[in-house]
Amino acid sequence: MEHITLLIGIVIVTALVFDFTNGFHDTANAMATTISTGALGPRVAVAMSAVLNLVGAFLSVEVAKTISGGIIDEGSGIQPEVIFAGLVGAILWNLVTWLAGLPSSSSHALFGGLIGATVVSVGLDGVNGDAIVMKVLIPAVAAPIVAGIATLAATRLTYRLGRDRSPEDTAKGYRAGQIASAALVSLAHGTNDAQKTMGVITLALVTGNVVAPDSDPPLWVIVSAGLAIALGTYLGGWRIIRTMGKGITDIQPPQGFAAQTGAATVILASSHIGFALSTTQVCSGAVMGAGVGRKGAVVRWSTAGRMVVAWVLTLPAAGLVAGAAALLADQGNAGITAVAVLAVLACGAIWMLSRRKPVDHTNVNEVGTQEPVGAVTAALRSVAPPPAGAVSTAPEEGTSESTPEQTPTPAVASSTTR
């Protein structure tokens, strides 16, 4: 019993570490467009998002119940070490994609990790296939499409309503709208993503016979999960904010307002009915819809295509890592210790690689910069969006691509002056 108690404690700590990485990995969902348009300063934006993520964690437990009693069969012999291995797979995938500046799904990394570890340790019988299809895969396909279409319509309506007003007259109002809609996305993110960690911790408590099956998350679980995701959000995933804010399309305040409002509506609706969807996919779909919705805007479809490929890879990639971790963890105390040590070393290595070329609140909006090409970044280049400013496109109407940090080459300069 002491062993199980200690192991459950390790699982809880690991789950909160995942929640922390989820926070800084998904900060871009709420704040990338707000920061890129200058509606809020970077530090103020992530602080506001952190507070609202914490508040959102207390509004619902439907998604947590989907995780703790839906995807994985609690009665199939799942042990805490299986959940531990699943979390390790999710954390490592989150950090790898963060290093590459890739807005992948933290939610699908978690699902993939849990499924991969369960299949290796228990077999396919430990996975509820119907729940995965209905509450994970179908929302994964439908949510970004719905968010994109809704945002496209909202963007066109927004520009139509303001067609007789100068941009200078409407800019202040749209920026205020962006702040309000970004706050709504942050609140919605807390109601969806923070609950996934609550569900994992509750699942661990059920496997250790600490709480009864089908129980709601205890209050201390809700508080700790909310605080962990809020802290991660405050630190800011600046690499992914740069990609979301600059790499897909050039967002103007009306587009940012429409994108965030559409995304928040989809996330809140899904949280209400218990769909554990990817907020990253929803917000990315909304940004693409905002790009299509503005006449003359440039949507970098090659970047969007690489993001979709990355979304497809997330479930199996996290599952493979988690499966390998589960195979090792099943060997007993020595195996669990080995998984923990290897995970810490891998996290440290990724952090050291990120320090070669830091991205933070002081340079998140700079264009024309290149991310460090380390071994991990090179391996993911085929699916990672290019750094902001790396795509050679003509400047859009009403925008300027030239900044003090980006000096056009003679060839580009001559092409833009003809």
Side-chain angles (χ1 to χ4, degrees), residues 15-30 53 56-57 60-68 70-72 83 86-87 89-98 102-117 127 131-144 146-147 185-186 188-203 225 228-229 232-233 237 240 244 263-264 266-286 307-308 310-319 321-322:
L16 293 176
V17 171
F18 167 78
D19 204 24
F20 175 81
T21 66
N22 191 354
F24 72 72
H25 199 280
D26 287 4
T27 307
N29 297 341
N53 263 317
S60 171
V61 294
E62 291 304 315
V63 173
K65 290 163 69 175
T66 296
I67 301 296
S68 63
I71 295 175
I72 304 301
I83 303 172
L87 288 167
I91 290 170
L92 291 179
W93 181 254
N94 268 358
L95 291 177
V96 166
T97 50
W98 164 76
L102 179 64
S104 67
S105 171
S106 296
S107 304
H108 287 182
L110 177 60
F111 302 150
L114 290 175
I115 292 168
V127 178
I132 292 173
V133 172
M134 294 302 298
K135 293 201 170 186
V136 176
L137 297 182
I138 290 178
V141 175
V146 171
V185 173
S186 297
H189 186 262
T191 67
N192 201 282
D193 278 42
Q195 289 188 54
K196 292 160 189 170
T197 299
M198 298 177 206
V200 171
I201 295 176
T202 303
L203 179 60
I229 201 169
T233 300
I240 300 175
M244 285 279 284
V266 173
I267 296 169
L268 285 171
S270 70
S271 296
H272 178 69
I273 59 180
F275 280 167
L277 53 72
S278 165
T279 54
T280 299
Q281 293 180 4
V282 171
C283 293
S284 299
M307 288 173 57
V308 172
W311 296 345
V312 173
L313 289 177
T314 296
L315 274 167
V321 175

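Small disclaimer: the values here were computed from a predicted structure and weren't measured.
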> What's the spacing between Ser106 OG and Trp98 CH2 if we round to 0.5 Å?
Replying inline: 13.0 Å

>> Give me the atom names and distance for the closest heavy-atom approach of His25 to Thr97.
In response: NE2-OG1, 2.9 Å

> Does the side-chain contact (heavy atoms from CB on, under 4.5 Å) test come out yes or no for Leu114 and Val200, once each step is laid out?
Replying inline: CA-CA 9 Å; Leu114 290 175; Val200 171; 4.2 Å; yes

> At their closest point, which heavy atom of Ala109 faces which heavy atom of Thr314, and how far apart are they?
Replying inline: N-CG2, 3.4 Å

>> If I compare all heavy atoms of Val321 with all of Gly89, which pair ends up nearest, and what's the gap?
In response: CG1-CA, 3.8 Å

>> Could you measure the distance from the CG atom of Leu16 to the CG atom of Asn22? Nearest 0.5 Å is fine.
In response: 12.0 Å

> What is the minimum heavy-atom distance between Ala57 and Met198, and which atoms define it?
Replying inline: O-CE, 3.2 Å

> Of the non-hydrogen atoms in Asn94 and Phe18, which two are nearest, and what is the gap between them?
Replying inline: ND2-CE1, 3.5 Å

> Can you tell me how far CG of Leu110 sits from CH2 of Trp93, rounded to the nearest 0.5 angstrom?
Replying inline: 14.5 Å

> Mind checking what makes side-chain contact (heavy atoms from CB on, under 4.5 Å) contact with Leu315, not counting sequence neighbours?
Replying inline: His108, Phe111, Leu137

> How many angstroms lie between atom CD of Gln195 and atom OG1 of Thr202, to the nearest 0.5 angstrom?
Replying inline: 10.0 Å

> Minimum heavy-atom separation for Gln281 to Ser105, with atom names?
Replying inline: NE2-CB, 4.2 Å

> side-chain contact (heavy atoms from CB on, under 4.5 Å) between Leu95 and Phe24: does it pass, once the steps are laid out?
Replying inline: CA-CA 10 Å; Leu95 291 177; Phe24 72 72; 3.7 Å; yes

>> Quick check: do Ile229 and Thr197 have side-chain heavy atoms less than 4.5 Å from each other?
In response: no

> How long is the span from the CG atom in Leu87 to the CG atom in Leu92, to the nearest 0.5 Å?
Replying inline: 11.0 Å

